[in-house]
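Notes follow once the structure below has been shown.
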Amino acid sequence: MKKEKTVEEDRPQSNGQEQITGAEALLRCLVEEGVDTIFGYPGGAIMPVYDKLLDYEDKLRHILTRHEQGAAHAAQAYAMVTGKPGVCFATSGPGATNLITGIANAYLDSVPVIFITAQVVSSLIGSDAFQETDILGVSMPVTKWNCQAKKSEDIPAMVAKAFYLATTGRPGPVLIDITKDAQMENLSFKYKKCDYLRSYNPHIPLHTRAIESAAIMINHAEKPLILAGHGVLISGAVNELKKFAEKTGIPVAVTLLGLSSFPSGHRLFTGFLGMHGNYGPNLLTNEADLIIAIGMRFDDRVTGNLKKYAKQARIIHIEIDEAEINKNVQVDLEIHNDAKEVLQAMIPLVKQRSYDSWIREFRICDKTEYEKVIRSETKPEKGSIRMGEVIMNVSELTKGEAIIVTDVGQNQMSAARYYKFREPYSLVTSGGMGTMGFGLPASIGAKIGKPEKQVIAFIGDGGFQMTIQELGTILHYKIPVKIVILNNGFLGMVRQWQDMFYKKRYASTELVNPDFVKVAEGFGIPGKKVLKREELRRSLVTMLAAKGPYILDIHVDREGNVLPMVEPGASVSEVTLNYKS
C-alpha cells in the first residue's frame, strides 16, 4: 500500500530547502516569533494569507473582529496586558486605512503592534487600481517603521526586523505591506530572528555618572516627588519603583498610563496627575524642590501651563526616548536609559529617609479633595447615580484586582480617579490619542490576552456606539467581558466644556440613544438597565457573577462634571475643586 505524503513532504524542494508561498512564510515567521493570536479582517488582496491560516489553526488563533479599527484596538490591548506584541491583519485600500486610528493610538501610547496589510499586485501599484491605497505614505507619521514586500523572499527578513523594532527601545507599532503576488510566489524558507540593526541602538549603556549625580540630588532633597509614567510598566520596573520609593521615602504620583505601576493603597501613593487628577499631586508639584520623572513625557495634560510648571524644582528625567528629554520641560539632569536599569543601579546609592511632614501635606490635600469632591461623587445622599459611585463600587467588589478597560471622556477620568489599582498592567486605556470607541474592542483584546482575569469595561454611551458592532465579536467567540455603560445621554466631556467655557450652549452633544440592553440581547448578551441607586450594588454583583459577557446600562447624572480640573491655560496649582454653572 502506497504511503500518503504529509503536507510538508508534498511541498516542492529547491537545493534541499523547502519551497513555500509568501503567505505561508508570513505565518511561519509569526509562529517563530511566538505569536499565538491574530486580530483581523479579510479581503481580496490578503486572501492568500487567510487561505493558509486554515492550515495553522493549531498554532495561530485568528479573531475576526467586525471592523478593522476594532482589530487594531484589540491587538493593542492584548499587547498591553500580556507584554507580548499584538498582531493585526487587514486587506488593502479601505481595510488598511481603517487601521490608521488604531495605529496612531498605539504609536502615541508606545505599544508594540505588528500591523500586516495586503496590497494590490506589484505591477498595478501606482495605477489607482481597485482598493489600492498608499498605506506606507499614510501610516509613516504614526509608525515606528514601515515597509513593503513586493517579493516573497523579502518577507522573512522584514518580519524579523519588524518584531525587533516594535519591541525594543521605546516600543511602538510597525507596518508591513505585502503585495498579493508576493503572497502567492514561492520562496526557499529560512527564518532568522533579528537582534541587530546598523545605526539603531535601543540599548544605551548606563550613564553611571548621571545616576550618581541623581542620587546625590535625591539624598539632599527636602520635598522630592516621583512622577511615574507608562515607561515604568513598559520597562518592567514596577518592583524597582516600589523598592526605590520605599527606601527613599519619596511620595509617588502617576500619569494616566502610569496608573497600576504603583499600588493605589500604598502609604507613599499620592494619586493621579493631570487635568482631572488628584488635588495633592497637582497642587504640590509646584511645591516640590526635586521632581524625579520616570518613563513619562511631560504631556500637556500633566503640566498645564508650561510657563508656570515646577519653576521652583530641579528635575531629573529618566527616559528611554532621547527625543522626549527637554522637549516640553527643560530638565536639570537627564538619564537617557531604561527605567528598570536606572532604578536598579540607583537603589544602592540612595539613602533611607522619610518625609513625614512633606507627605502630610498630601494627606491634607486628600482630605480637602474628599470633602469638596469625592464624598458627593462616591457617596451621594440623593439625586441621580454618579459615575464615581459606580466605579467605587466595582473597585470594592473586585478588591482592585480586575483589569479595567475604559473608553475616553468622563468615563475614563472617573475610572482613573476612583478605581483602586492593586496589580500592575491592570489599566487599558487610550492616553495620547484619546480615541472614543477604544473601550469595547480593547476589552476583547484584554480578555483574550488574560482569560483568567475579570475584565471590566467602563464606556460612555457616545463611545459605545462608535464601535458597537464589536458586540458581534463577543457573540462569535463567547468572550466573557463585563461592560458598564455610563449613560448620561450626552457626549459628556464635550458637554462639560460647553458648560464651563461656552455658557451651557450644548451644540450637538445631546444624544438620542437606543435601548442598549435590547441591542445587547440581539447579540445574545444578557444585561440590565439600572435607573435607581437602590439597584446599583445588586446589579453589579449580578454582572460580576455572570459566567459569560454581561452589559449594565447605568443611567447616571446627565450634567455631572468631573472635578478637580486644571482648566486650559491654568497652572497645575490653580486647580478648580468647585464649579457651579
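Keep in mind that what you see is a predicted model, and the values were worked out from it rather than measured.
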Using a cut-off of 6.0 Å, state whether more than 12 heavy atoms not belonging to [X] lie near its atom [atom1].
X	atom1	answer
Phe269	CZ	yes
Glu322	CD	no
Met433	CE	yes
Tyr200	OH	yes

**Message:** Using the ring centroid of each side chain, check whether Phe39 and His73 are separated by less than 6.0 Å.
**Reply:** no
**Prompt:** Do the two ring centres, one from Phe262 and one from Phe421, sit under 6.0 Å apart?
**Reply:** no
Do the side chains of [Y] and [X] get nearer than 4.5 Å, heavy atoms only?
X	Y	result
Leu197	Pro202	no
Ile456	Thr398	yes
Ser188	Gln19	yes
Phe464	Leu471	yes
Val484	Ile459	no
Gln454	Glu401	no
Pro281	Phe272	no
Phe163	Leu30	yes

**Asked** Which residue, Thr117, Asn146, Thr143, forms the side-chain contact (heavy atoms from CB on, under 4.5 Å) with Leu136?
**Response** Asn146
**Asked** Applying the side-chain contact (heavy atoms from CB on, under 4.5 Å) test to Ile335, which of Ile292, Ile316, Ile294, Leu206 qualifies?
**Response** Ile316
Establish, from distance only, whether the side-chain atoms of [X] and [Y] form a donor-acceptor pair under 3.5 Å.
X	Y	answer
Gln412	Thr429	yes
Thr37	Arg61	no
His62	Tyr50	yes

Between [X] and [Y] (side chain of the first, backbone of the second, donor and acceptor by atom type, cut-off under 3.5 Å), is there such a pair?
X	Y	value
Thr21	Asn186	no
Tyr477	Ile444	no
Tyr41	Gly95	no
Asp321	Ala323	yes
Asp407	Phe438	yes
Ser395	Ile391	no
His207	Arg209	no
Asp332	Ile315	yes
Asp338	His203	no
Glu132	Asp128	yes

To the nearest 0.5 Å, how far apart are [atom1] in [X] and [atom2] in [Y]?
X	Y	atom1	atom2	answer
Lys150	Glu185	NZ	CD	12.5 Å
Trp145	Leu175	CH2	CG	9.5 Å
Met140	Ile103	CE	CD1	12.5 Å
Ile155	Thr179	CD1	OG1	7.5 Å
Ser235	Leu343	OG	CG	7.5 Å
Tyr419	Leu259	OH	CG	12.0 Å

Lys/Arg-Asp/Glu bridge criterion (N-O < 4.0 Å) met for [X], [Y]:
X	Y	result
Glu32	Lys192	no
Arg66	Glu470	no
Lys327	Glu324	yes
Arg301	Asp299	no
Lys84	Asp36	yes
Lys453	Glu423	yes

**Request:** Give the C-alpha distance, both sets of side-chain angles, the deciding distance and a yes or no for side chain to side chain contact (heavy atoms under 4.5 Å, CB included) between Phe89 and Leu26.
**Result:** CA-CA 11 Å; Phe89 284 179; Leu26 169 65; 4.2 Å; yes
**Pair Glu246-His266, side chain to side chain contact (heavy atoms under 4.5 Å, CB included): steps then yes or no** = CA-CA 10 Å; Glu246 288 177 344; His266 197 282; 2.7 Å; yes
**Option among Asp109, Asn105, Thr101 that satisfies the side-chain hydrogen bond (donor to acceptor under 3.5 Å, both in side chains) test with Ser430** = Asn105
